[in-house]
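A short worksheet on the structure shown next.
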Amino acid sequence: MPKAAKLDLKSLSDQDLKEKLSEEALRLKKITFSHAVTPIENPMSIRFMRREIARIQTEIRRRALGF
């Protein structure tokens, strides 16, 4: 993951982070379901999506704790 993408999360507002989290979670769910029916071309994309969701959740938690 490029450093620019990680810094992008810090520049977003709390509301934008929550919206991005819900969008990514929905996207992951759709890809996971489609992968169960028909294998997708790059199954590693599921792992990358999960990690991106974890990064967003971490940033939300970090802000909640005040760090």
Side-chain angles (χ1 to χ4, degrees):
M1 170 86 25
K3 288 187 178 186
K6 291 180 185 178
L7 295 175
D8 184 45
L9 293 178
K10 292 183 179 184
S11 66
L12 294 175
S13 68
D14 292 343
Q15 185 63 30
D16 290 339
L17 279 174
K18 289 177 184 177
E19 289 174 7
K20 187 172 176 82
L21 177 63
S22 64
E23 290 171 5
E24 291 293 322
L26 181 63
R27 205 168 129 221
L28 175 64
K29 187 181 280 189
K30 287 181 181 179
I31 287 181
T32 305
F33 286 153
S34 68
H35 181 62
V37 175
T38 308
I40 59 176
E41 185 176 319
N42 184 8
M44 291 296 287
S45 64
I46 294 173
R47 179 185 292 182
F48 295 133
M49 293 176 90
R50 282 198 324 251
R51 288 182 178 176
E52 183 63 24
I53 290 171
R55 284 185 187 99
I56 296 169
Q57 289 174 333
T58 302
E59 181 64 23
I60 291 172
R61 180 69 177 152
R62 185 185 68 78
R63 290 181 185 189
L65 292 175
F67 287 112

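Quick caveat: nothing in here was measured; it's all calculated off a predicted structure.
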Apply salt bridge (Lys or Arg N to Asp or Glu O under 4.0 Å) to E59 and R63, showing your working. CA-CA 6 Å; E59 181 64 23; R63 290 181 185 189; 3.0 Å; yes
Between OG1 on residue T58 and CZ on residue F67, distance to nearest 0.5 Å: 13.0 Å
Working to the nearest 0.5 Å, report the span between CD1 of I46 and OG of S34. 7.0 Å
Tell me, with the steps shown, if L9 and R62 meet side chain to side chain contact (heavy atoms under 4.5 Å, CB included). CA-CA 12 Å; L9 293 178; R62 185 185 68 78; over 6 Å; no
For E24, the side chain to side chain donor-acceptor pair (under 3.5 Å) test, sequence neighbours excluded, returns R27
For the student: nearest non-hydrogen atoms of S45 and I40, plus distance: OG-CD1, 3.7 Å
Separation of R47 CZ from N42 CG (nearest 0.5 Å): 10.5 Å
Going by side chain to side chain donor-acceptor pair (under 3.5 Å), name the residues that satisfy it together with S13, two or more places apart in sequence or in a different chain. D16
Pair I60-L21, side chain to side chain contact (heavy atoms under 4.5 Å, CB included): steps then yes or no: CA-CA 10 Å; I60 291 172; L21 177 63; 4.0 Å; yes
Here the gap from E41 atom CD to H35 atom NE2, rounded to the nearest 0.5 Å, amounts to 12.5 Å
Step-by-step side chain to side chain contact (heavy atoms under 4.5 Å, CB included) determination, I56 to L12: CA-CA 10 Å; I56 296 169; L12 294 175; over 6 Å; no
